[in-house]
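Residue numbering restarts at 1 for every chain, and letters A, B, ... go by the order of the sequence lines.
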Amino acid sequence: MSGSERYKALKGMHDIMPPDIYLWQRTEGIAREIFSSYGFQEIRPPVVESTGIFTRSIGENTDIVEKEMYTFSDKAGRSISLRPEGTASVVRCYVENNLHTLPAPQKFSYAGPMFRYERPQSGRFRQFYQIGVEAFGSPHPETDAELLSMLRHFLGRLGLRSLHFQVNSIGCPACRPAYREALLGFFSDRIETLCPDCRRRYGQNPLRILDCKVERCVEMRKGAPAVTDYLCQDCRSHFERLCSLLELLGISHTVNPEMVRGLDYYTRTTFEVTSENLGAQNTVAAGGRYDRLVKEFGGPDTPAIGFAIGMERLIDLIKLSAEHRPPAPEVFIATIGEQAVTEGMLLAEKLRISGLWVETGDPVSSLKSQMRRADRLAAGYVLVLGEDEIRSGKIQWKRFADSTQGEIGLSGVCDFILNKA
RNA sequence: GUGGGCGUAGUUCAAUGGUCAGAGCACUGGAUUGUGGUUCCAGGUGUUGGGGGUUCGAGUCCCCUCGCCCACCCCA
């Protein structure tokens, strides 16, 4: 504990280990299963990219690129960065590999670590994991709805309840400037009454005033123009269609015109899934449309939409939702005597080949301590193998769950366990 | 970057400024020889995060530093 000489993980970076790792594996498996049933195929872009990929897509003046990126020079002096999010890399991959030549829409998923140099807090880390999906080539609100539906499907399969879906449309280059002007106009005569942060936001990113938590600001923005009232005809009908599809699919949600997304590339649909049970960082998944990004990356004009799920936050919720038992060995082989140790190894191998998780006892410790260890591991069956068993060819089995035990011929052990386990 | 809280055994925590810093859990062994959990007995560990200061005396008070947690900011 006197740790100055012992290495520790870096601030904001954590080991994911048992028993949590089982929740991660299960969650990732369910994601793979469900996403693939919607036609999403996994891709694995590198974790490091040219810095420009992120600055151009996420936005030069966002906090992420301004102060949160892990940016380095490589040996040749190129500026490279650890990815702070997944979409930019996937778009780069899509363009670089000319994936638009494949039949649209093309749908991809990814999973892995992201990096942001932030001050850690509950639900926020410097290395954190996201599972995300991106669909390219469909401008239709049906695709938006399908994504939301898939997300709900996934979260439902994990047993999560009481999640809050919020959707919004932030318009397109045709209609957003007008809204921005309206917002600036609304606040222009009351800038002084806003909090210092919001005064800064007024110049930087006025939309952010809409989700300020300061009470006075909440009060001041009553009656502020809503983005949804300023949508152009195309954006409006896209959004209305989406909302009616969500109704049809039975996805309960809130339309929240004050919902703001942090990344610059979003157009039209944005959405967020939040939970009451997470602390301040309560967004577990979020996403939206980015119809201009592919073109900006040098590809053909291609609409796209995606979302990302914050794994740590998701796992937190899964842990809260129910008790989760880590897996336990199916069989524990306790041995007494040298010959039994050898026989035990052979038996263990045989059972493992059948796919069972088998542990063996410490060759030199007493049967009692081996039994105790088996119990602590919560092993399904203990097989006791000693001189008597080797002589008689019959092995003792014991099941902790109901404290039953019995005898079985050595040759039949495998079938016996497989049938019961 | 800003603010608040907390650092004592592997872990969770205790200890009016005053003997040798304790307890639960965990771990190991044992309670008639080859049977776990419950019970009983026995066993060990700390540079009290680090450094300095005040004091006859500091885990306790003060300063610095490092680390963790939470919140702001921002975001998954």
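Spacing between B:U11 and B:G44 at atom C1', rounded to whole Å, works out to 16 Å. The same atom, P, is picked in B:U32 and in B:C70; the two are 49 Å apart, to the nearest Å. Nucleotides B:A58 and B:U16 place their C1' atoms 14 Å apart, quoted to the nearest Å. Across the C1' atoms, B:U65 and B:C41 are found 46 Å apart, a figure rounded to whole Å. Taking the P atom of each, B:U8 and B:G51 are spaced 16 Å apart, rounded to whole Å. Separation of the C1' atoms belonging to B:U48 and B:C13 is 13 Å when rounded to the nearest angstrom. Atom C1' of B:G5 sits at a distance of 38 Å from the matching atom of B:G43, rounded to the whole Å.
Salt bridge status for A:Arg241 with A:Asp144: absent, with no side-chain N to carboxylate O gap under 4.0 Å. Residues A:Arg313 and A:Asp316 are not paired through a salt bridge, judged by the lack of any N-O separation under 4.0 Å between the basic side chain and the carboxylate. A:Arg391 and A:Asp388 are joined by a salt bridge, as a carboxylate oxygen and a charged side-chain nitrogen come within less than 4.0 angstrom of each other. Under the 4.0 Å criterion applied to side-chain N and carboxylate O atoms, A:Glu272 and A:Arg261 are assigned as salt-bridge partners. With respect to A:Arg216 and A:Glu219, no salt bridge is recorded, no charged nitrogen being found less than 4.0 Å from a carboxylate O.
With both pairing distances under 3.5 Å, B:U55 is matched to nothing as a Watson-Crick or G-U wobble pair. The pairing partner recorded for B:G67 is B:C6, the criterion being a Watson-Crick or G-U wobble arrangement whose two distances lie under 3.5 angstrom. For B:G1, the paired base is B:C72 (Watson-Crick or G-U wobble, both distances below 3.5 Å). The partner of B:G22 is B:C13, judged by Watson-Crick or G-U wobble contacts that both fall below 3.5 Å. Of all nucleotides present, none satisfies the Watson-Crick or G-U wobble test against B:G34 with each distance under 3.5 Å.
Between A:Arg124 and B:C70, a side-chain N or O to OP1/OP2 separation shorter than 4.0 Å is absent. An OP1 or OP2 oxygen of B:C72 is reached within less than 4.0 angstrom by a side-chain nitrogen or oxygen of A:Lys213. A:Gln121 has a side-chain polar atom (N or O) that falls below the 4.0 Å cut-off from OP1 or OP2 of B:A71. Proximity of A:Arg119 to the phosphate of B:G3: no side-chain N or O atom is located under 4.0 Å from OP1 or OP2.
Taking for each of A:Glu312 and A:Asp402 the nucleotide of RNA chain B with the nearest heavy atom, the 5'-most of the two is the partner of A:Asp402. Where A:Arg313 and A:Tyr117 each meet RNA chain B at their nearest nucleotide, the meeting point lying more 5' is that of A:Tyr117.
Looking at A:Ser162 and A:Glu276, their side chains never bring a donor and an acceptor atom within 3.5 Å of each other. Of the N and O atoms on the side chains of A:Thr254 and A:Asn256, not one donor lies less than 3.5 Å from an acceptor on the other residue. For the residue pair A:Gln127/A:Tyr129, the side-chain donor-acceptor check at 3.5 Å is satisfied.
Counting non-hydrogen atoms under 4.0 angstrom, A:Gly279 reaches the backbone sugars and phosphates but no base. In this structure, A:Glu272 reaches neither bases nor backbone, as no heavy-atom distance under 4.0 Å exists between it and the strands shown. Using a 4.0 Å heavy-atom distance criterion, A:Arg373 is classed as making no nucleic acid contact. Residue contacts for A:Arg200: at a heavy-atom cut-off of 4.0 Å it reaches the sugar-phosphate backbone alone, with no base atom in range. At the heavy-atom level, A:Asp197 lies under 4.0 Å from the strands shown only through sugar-phosphate atoms. Looking at heavy-atom distances under 4.0 Å, A:Glu389 makes contact with a base. Nucleic acid contact for A:Leu263: sugar-phosphate only, since backbone atoms but no base atoms lie under 4.0 Å from a heavy atom of the residue. Residue contacts for A:Val284: at a heavy-atom cut-off of 4.0 Å it reaches the sugar-phosphate backbone alone, with no base atom in range. If you check every strand for non-hydrogen atoms under 4.0 Å, A:Ser403 touches a base. A:Ala280 comes within contact range of the sugar-phosphate backbone alone, with a heavy-atom separation under 4.0 Å but no base atom that close. Contact annotation for A:Glu85: no contact, since no heavy-atom pair falls under 4.0 Å across all strands.
Side-chain proximity of A:Lys398 to B:C27, B:U35, B:C74: nearest is B:U35. Listed nucleotides B:C74, B:A76, B:G37 differ in distance to A:Asp375; the shortest reach to its side chain belongs to B:G37. The side chain of A:Thr283 sits closest to B:A76 out of B:A76, B:G34, B:U28. Comparing B:C74, B:U35, B:G36 against the side chain of A:Glu68 picks out B:C74 as the nearest.
The separation between A:Ile309 atom CD1 and B:A76 atom C1' is 9 Å, rounded to whole Å.
Annotation: cation-pi pair A:Arg126/A:Tyr117 present, NZ/CZ under 6.0 Å from the ring centroid and within 45° of its normal.
B:A76 has its base stacked against the ring of A:Phe128, the centroids being under 5.5 angstrom apart at an interplanar angle below 30°.
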Between the protein and nucleotides 29-31 of chain B, list the N/O to N/O atom pairs that are separated by less than 3.5 angstrom.
from, atom 1, to, atom 2, distance (Å)
B:G29, OP2, A:Arg372, NH2, 3.1

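Between A:Phe154 and A:Leu314, some side-chain heavy-atom pair lies under the 4.5 Å cut-off.
Contact of A:Lys11 with B:G67 (side chain to base): no donor-acceptor pair of N or O atoms is detected under 3.5 Å.
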